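Remarks on the structure that follows.
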Amino acid sequence: MAGEPTVSLSELRSLLASGRARLIDVRSREEAAAGTIPGALNIPVSELESALQMEPAAFKALYSVEKPRLEEENLIFFCQMGKRGLQATQLAQGLGYKGARNYEGAYREWFQKEG
């Protein structure tokens with residue numbers, strides 16, 4: 001696939017403001033504990049494949065939120081610099097999540113501009 005679907009900072013702001021994005025922080029728990037984008041769910045990239053394949057009830061029991069749906073339009077992944085977010089996006093797409101996208105600016109850009 002040429003060019004993975006991405007989202008810019010301005011588009012992310014708009015999606016978050018309108019409640020139309022599910023944001024997943026794929027950094028380690030330690031990284032996320034030090035600061036993340038408000039509203040993001042932390043699922044380290046090492047756990048992501050098994051998390052996205054869980055039954056909805058098991059996902060909710062573990063993460064305290066509803067499991068993303070395959071047809072969800074804006075399932076946005078991010079990490080610190082962009083590489084793990086891209087891996088997560090590709091992995092989710094491979095599992096059938098059609099709306100998986102990578103926030104290419106990653107937490108580094110968010111923190112510089114919003115932090």
Side-chain angles (χ1 to χ4, degrees):
M1 180 185 248
E4 298 301 328
T6 59
V7 60
S8 66
L9 178 59
S10 60
E11 187 180 5
L12 180 62
R13 280 190 198 121
S14 172
L15 289 169
L16 290 173
S18 63
R20 294 184 299 129
R22 284 284 297 269
L23 203 50
I24 299 182
D25 182 345
V26 297
R27 299 175 302 154
S28 71
R29 297 205 192 298
E30 295 76 26
E31 287 174 293
T36 191
I37 299 173
L41 171 64
N42 177 227
I43 305 176
V45 74
S46 60
E47 296 175 20
L48 187 65
E49 185 169 11
S50 61
L52 292 179
Q53 292 178 324
M54 285 179 174
E55 290 299 319
F59 186 96
K60 186 167 186 174
L62 187 59
Y63 297 106
S64 302
V65 294
E66 298 293 330
K67 180 182 172 188
R69 298 178 326 279
L70 289 175
E71 62 277 5
E72 206 145 321
E73 281 187 35
N74 295 297
L75 184 59
I76 301 169
F77 297 93
F78 72 95
C79 59
Q80 187 68 31
M81 310 279 279
K83 186 175 180 209
R84 289 172 287 175
L86 177 60
Q87 288 176 322
T89 301
Q90 292 169 334
L91 185 127
Q93 287 176 328
L95 292 173
Y97 287 87
K98 303 199 181 335
R101 300 167 73 188
N102 180 32
Y103 168 36
E104 58 188 343
Y107 184 68
R108 181 177 60 168
E109 178 184 60
W110 179 272
F111 185 74
Q112 289 172 348
K113 306 260 170 78
E114 305 288 321

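These figures come from a predicted structure and were not determined experimentally.
Between E71 and K98 there is no salt bridge, since no side-chain N of the basic residue sits under 4.0 Å from a carboxylate O of the acidic one.
L16 is not connected to V65 by any chain of hydrophobic side-chain contacts under 4.5 Å among Ile, Leu, Val, Met, Phe, Trp and Tyr, and they are in different clusters. Residues I43 and F77 share a hydrophobic cluster, clusters being chains of Ile/Leu/Val/Met/Phe/Trp/Tyr side chains in contact below 4.5 Å. Cluster membership check: L75 does not share its hydrophobic cluster with V7, using side-chain heavy-atom separations under 4.5 Å among Ile, Leu, Val, Met, Phe, Trp and Tyr.
Rounding to the nearest 0.5 Å places CZ of F78 at 10.5 Å from CZ of R84. A distance of 10.0 Å separates CD in Q87 from OG1 in T89, rounded to the nearest 0.5 Å. Interatomic distance, CE of M81 versus CD of E109, reported as 12.0 Å (0.5 Å rounding). Summarising the geometry, atom CD belonging to E31 is positioned 10.5 Å from atom OH belonging to Y107; distances are rounded to the nearest 0.5 Å. Note that CG of L15 is 4.5 Å distant from CG of N74, once rounded to the nearest 0.5 Å. Note that the CG atom of L41 and the OH atom of Y63 stand 7.5 Å from one another [nearest 0.5 Å].
In this structure, the side chain of K67 does not engage the main chain of A57 through any donor-acceptor pair within 3.5 Å. Although no hydrogens or angles enter the test, the distance criterion places a donor-acceptor pair under 3.5 Å between the side chain of Y97 and the main chain of L52. With hydrogens and angles disregarded, a donor-acceptor distance shorter than 3.5 Å links the side chain of N42 to the backbone of R27.
Between Q93 and P5, some side-chain heavy-atom pair lies under the 4.5 Å cut-off.
Applying the 6.0 Å contact sphere to CD of E73 captures no more than 12 heavy atoms from other residues, nucleotides or ligands. Remark: E55 CD is loosely packed, at most 12 non-hydrogen atoms of other residues, nucleotides or ligands lying under 6.0 Å away.
If you run salt bridge (charged side-chain N to carboxylate O under 4.0 Å, His left out) between E72 and each of R22, R101, R20, only R22 comes through.
No donor-acceptor contact under 3.5 angstrom links the side chains of E11 and S8, judged on distance only.
For A40 against T36, the heavy-atom pair with the smallest separation is CB-OG1, 3.8 Å. Heavy-atom minimum distance, G82 versus A106: N-CB, 3.6 Å.
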